[in-house]
Protein chains: 2
Amino acid sequence: MYRETRQRKAIRRALKDAGHPLSPNELLEAAREHVSSLGIATVYRNLKSLQEEGRIVPVELPGEPARYEVAGKGHHHHFHCRQCDKVYEVDGCPGNLGSVTPPGFHLEDHEFVLYGLCDLCVA
Amino acid sequence: MYRETRQRKAIRRALKDAGHPLSPNELLEAAREHVSSLGIATVYRNLKSLQEEGRIVPVELPGEPARYEVAGKGHHHHFHCRQCDKVYEVDGCPGNLGSVTPPGFHLEDHEFVLYGLCDLCVA
DNA sequence: GTCGTTGCAAAGCGTTTGCAGCCTA
DNA sequence: TAGGCTGCAAACGCTTTGCAACGAC
């Protein structure tokens with residue numbers, strides 16, 4: 001159904017190579033290394049279709065534009081470095097969620113974001 | 001330093017009366033009940049100055065426009081109802097954060113968002 | 001050759017800013 | 001009365017959409 005164009009390949013490859021969530025703009029710059037004429041509209045369109053296919057998932061952090069990462073990584077959360085602005089995956093989950101859910105509320109999902117300095121910026 | 005204008009009063013009152021975080025637009029509609037000529041630019045300007053004064057704090061949820069609540073409530077998190085789109089405060093905190101922080105990283109803060117149905121929407 | 005895809009430019013949408021007149025202190 | 005504040009409209013940055021040309025199948 002979806003065609004494998006040069007642009008689409010470049011976008012998927014850039015996302016995979018990055019290893020951490022990328023914003024549309026970061027993705028544009030990265031993918032332009034392979035397809036220099038790439039336009040931002042194409043990035044958005046492909047992000048949308050890749051999401052619909054389930055190949056990537058949005059990583060939405062409070063007050064930040066959405067970033068995207070490859071799907072299928074299992075339950076995890078993110079660490080946002082205040083210095084370099086990169087977003088890292090963190091495995092595991094604090095759990096203990098029922099204890100903070102108000103009575104009568106139905107909990108379906110949760111998001112969890114850590115803020116601080118990554119190992120590179122600590123040094 | 002800051003003048004207590006009708007607009008400013010209406011905005012602060014609307015925020016206080018709501019009892020839960022409001023978006024700029026929700027705030028505009030609520031505050032217009034008292035000052036019908038109120039403009040959205042004034043809402044944004046007052047939100048900014050009230051923040052600088054420390055009277056309100058932004059509540060930023062992933063993928064959502066910022067909402068605002070009155071400051072001074074102590075450590076808490078939020079529950080976002082998927083049905084009515086309201087945001088509620090939840091007291092307490094799962095804790096156990098150190099266990100998910102990657103080695104070498106310096107944890108300074110965290111955000112935590114619950115998703116599901118509020119008690120009104122469950123019923 | 002078909003028809004989905006691309007790049008450009010224009011349109012949207014939420015937020016910010018410039019400016020002349022207004023109103024609080 | 002002075003200078004901060006307001007409302008309007010224009011500007012802004014990010015995202016989406018319209019359209020004609022392009023290119024994967």
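Protein chains get the first letters and strands the later ones, always in sequence-line order, with residue 1 at the start of each.
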Within this structure, what is the [atom1]-to-[atom2] distance between [X] and [N], rounded to whole angstrom?
X     : N      : atom1 : atom2 : answer
B/K48 : D/dC5  : NZ    : C1'   : 15 Å
A/H34 : C/dT6  : NE2   : P     : 16 Å
A/L38 : C/dT6  : CG    : P     : 8 Å
B/N46 : C/dT17 : CG    : P     : 15 Å
B/R8  : C/dC23 : CZ    : C1'   : 15 Å
A/L50 : C/dT5  : CG    : P     : 11 Å
A/K9  : C/dT6  : NZ    : C1'   : 15 Å
A/E60 : D/dC14 : CD    : P     : 16 Å

Check the phosphate of [N] against [X], side-chain N and O only, distance under 4.0 Å to OP1 or OP2. Yes or no?
X     : N      : result
A/T5  : C/dT6  : yes
A/N25 : D/dG13 : no
A/Q7  : C/dG7  : yes

Donor-acceptor pair under 3.5 Å: do we get one between A/R45's side chain and the base of C/dG7?
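Donor-acceptor pair under 3.5 Å: yes.
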Determine whether any donor atom in the side chain of B/R6 lies under 3.5 Å from an acceptor atom in the base of D/dG7, or the reverse, and answer yes or no.
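It does not, because no donor-acceptor pair links the side chain of B/R6 to the base of D/dG7 below 3.5 Å.
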For B/I40 and A/E4, find the nucleotide of DNA chain D closest to each by heavy atoms; which residue's nucleotide sits nearer the 5' end?
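Taking each residue's closest nucleotide, the earlier one in sequence belongs to B/I40.
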Reading DNA chain C from 5' onward, which residue's closest nucleotide shows up sooner: B/P65 or A/G39?
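The residue closer to the strand's 5' end, by nearest nucleotide, is A/G39.
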A/E89/A/K73 ion pair, N-O < 4.0 Å:
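Salt bridge: yes.
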Nearest to side-chain heavy atoms of B/T42, which nucleotide of D/dG4, D/dC25, D/dG7
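Looking only at heavy atoms from C-beta outward on B/T42, the closest nucleotide is D/dG7.
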Please determine, for the side chain of A/R3, which listed nucleotide (C/dC3, C/dT24, D/dA9) has the closest atom?
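Taking heavy atoms from C-beta onward, the closest nucleotide is C/dC3.
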Is a donor on one side and an acceptor on the other found under 3.5 Å between the side chain of B/E26 and the backbone of B/S23?
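Looks like yes, one N/O pair under 3.5 Å.
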Has B/R32 got a side-chain atom pairing as donor or acceptor with B/L38's backbone, closer than 3.5 angstrom?
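Yes, because the side chain of B/R32 sits within donor-acceptor range (under 3.5 Å) of the backbone of B/L38.
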Among side-chain atoms of B/D119 and A/H106, is any donor-acceptor pair under 3.5 angstrom?
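Side chains of B/D119 and A/H106: no pair found under 3.5 Å.
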Check: A/E111/B/H80 side-chain N/O donor and acceptor closer than 3.5 Å
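Side chains of A/E111 and B/H80: no pair found under 3.5 Å.
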